[in-house]
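Okay, structure first, notes after.
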Amino acid sequence: MSTEVPFRILPRVGKRNEHYWHGGRDGELRFQRCADCGYYLHPPTVLCPLCHSKNIVIEAVSGKAEILTFTINYQPWMPGLEVPFVLAVVRCLEQDDLRITTNIVGCDPEEVKIGMPVKVIFEAHEDEEVWIPLFTPDESERP
Amino acid sequence: MSSPDSSESFDLIGERRAVISGAGQSDIGRRLYRDPLELTLDACLAAVSDAGLTTSDIDGLSTYPGGMEAPLGFSGAGITEVHDALRLNLNWWTGSMELPSQLGAVINACLAVSAGLAKHVLCFRSVWEGSAQGNEGRSAVMPGGSPGSSYRASGFMEWLLPYSAPSAAMWIAMMANRHFHEYGTTREQLGQIAINARKNAALNPNAIYRDPMTMDDYLNVRMISTPLSLYDCDVPCDGGTAVIVSRIDTVDDLRKPPIQVEALGTALHGRPSWDQFDDLSTMAVRDAGSQVWGRTDLKPQDVQVAEMYDGFSFITMTWLEAMGFCGKGESGPFVEGGSRIARDGELPLNTHGGQLSAGRLHGFGFLHEACVQLWNEGGERQVSGNPEVAVACAGGGPMAGAMLLTQRR
Ligand SMILES: [Zn+2]
């Protein structure tokens, strides 16, 4: 692991969630999607909660999202954690309720606003085979 | 999302067959360094004797969260330890944390006596988070270890820990920020929850923090996770709380006039998750709160004492809205200035000091205080006018439980 990669607690990756944590290797933000009704599923599951189909595929989305809410965290909860940083819930543009909790990086925390357009980037933890989807302001969406 | 109607005719409101007959607490302190089982049993025996019963009368046992090793200090004792320590003969028992809040353990007991499975259920919750953290602070009990650790996040924490979000403070902070954004709520308004709690704690000899807190103190203390500062977060402590839930036809065996369980709220209609719930400015409290009022002829205006969870100050704001004491989004203006929620106001709130100032007894402290007030045992902090209707509410995020209680003399 390169020394510039910040400390993070990594997820336990298995069959059900590997699409999410490995997608960044190919630069893709991936979710489960119901092949029958088109609904994106997150967190990962084994059947579509809307139509109960088990016909589930993995699909990449655009990586464009909107910040629903956020907080600037100042508390050093764990050794090795650098503060302040931004924790946010973002909504992917593909579906009203396709949300993830993530960090907003690449800008001053004070610039983060609810409703702000953001896009995915990935933080590689290659030795551990985990690519963490993070979000950064989407300049192309700036008015 | 369709919401099943939880209104029921009276004969289906089984919780009316349940009363609260006794309540007790152990010593409570920031760090007591006592055996957590001892604290648990002190609370249990205090509640049994408060009800005028003996341990041989107890035939039911219920707790939250049950015995568990981690996080350290979160559970003082499980069912098995208390069962054996008191040599109880049980007709019904349960200990779990997948419940509509910590008070879910008491709600379960109400259902057990209503169903006739038990007559007198001892319900307990004990913590020793103060001692467990020692002088190292919260990082001593946080999941996940440190650089180089082989720990990997799973379950719902899989989606939070990799983003360095191990604490509910951060999850609740995001809800608060959404509320601020949608409704114009301010830190000065939120601060009234903490300041009110501290005022009440000053009159509670068992509270942890009793020195006065001004708005300046509140606004200038260090930030934890915006908009929540240190004084928006409850204080870890050591202590146990217990109540006895009895079947209504045992009233003649009891020492005190029992408190009637009027209506319960346990609903959760949205997704059971901190970040996937439909409305990020409220949460499960919305559904549990509205369910209560579908099960009684009483109205929010009838409530004379409100003891509502403040693990973080913002959660109390969501409970104020959920229980109908104000409209959705109106909790900020409702608490503005603090007079409405003061002990002599129209809705005396968290009269013992809440978890913010009296200590994080984790849900059960609110029910204990509601009972104390309905029994007129509040001493210096007693709400005047012999209150007859109280609510005790616990939980936040994807878990919430509410109890409407009456004491008609
Ligand atoms: Zn489907």
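Lettering follows sequence order; numbering is per chain, from 1. Keep in mind that what you see is a predicted model, and the values were worked out from it rather than measured.
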Quiz item: Are B:R271 and B:F277 in a cation-pi setup, meaning NZ or CZ lies under 6.0 angstrom from the ring centre and within 45 degrees of the ring axis?
Solution: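 The answer is no; the distance or angle limit is not met.
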
Exercise. Could you look at B:L280 and say if it's the side chain, the backbone, both or neither that has a heavy atom under 4.5 Å from chain A?
Key: side chain

Exercise. Side chain from CB out, backbone as N, CA, C, O: work out which of these in B:A176 comes under 4.5 Å of a heavy atom of chain A, or both, or neither.
Key: neither

Quiz item: Between A:Y39 and A:D97, is any side-chain donor less than 3.5 angstrom from a side-chain acceptor?
Solution: yes

Quiz item: Side chains of A:N17 and B:E158: is there a donor and an acceptor less than 3.5 Å apart?
Solution: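 Checked: A:N17/B:E158 side chains pair up, N/O donor to acceptor below 3.5 Å.
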
Quiz prompt | Pairs of heavy atoms under 4.5 Å with chain A: top-ranked of B:T226, B:L230, B:L228 | solution =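 Option with the top pair count is B:T226.
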
Quiz prompt | Heavy-atom pair count under 4.5 Å with chain A, highest-scoring of B:M175, B:Q276, B:R222 | solution =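 Heavy-atom pairs under 4.5 Å are most numerous for B:Q276.
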
Quiz item: Given the options A:T102, A:I132, A:D96, which has more heavy-atom pairs under 4.5 Å with chain B than any of the others?
Solution: A:T102

Quiz prompt | Contact winner vs chain B - A:V13, A:L98, A:V130, A:V89, heavy-atom pairs under 4.5 Å | solution = A:V89

Self-check item: Segment of A:L68 engaging chain B (4.5 angstrom heavy-atom cut-off)
Solution: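 Both parts, backbone and side chain.
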
Quiz prompt | Structural part of A:I72 lying under 4.5 Å from a heavy atom of chain B | solution =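 Contact with chain B: backbone and side chain both.
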
Looking at [X] and [Y], does any basic side-chain N land under 4.0 Å from a carboxylate oxygen?
| X | Y | result |
| --- | --- | --- |
| A:E128 | B:R152 | yes |
| B:K328 | B:D279 | yes |
| B:D238 | B:R360 | no |

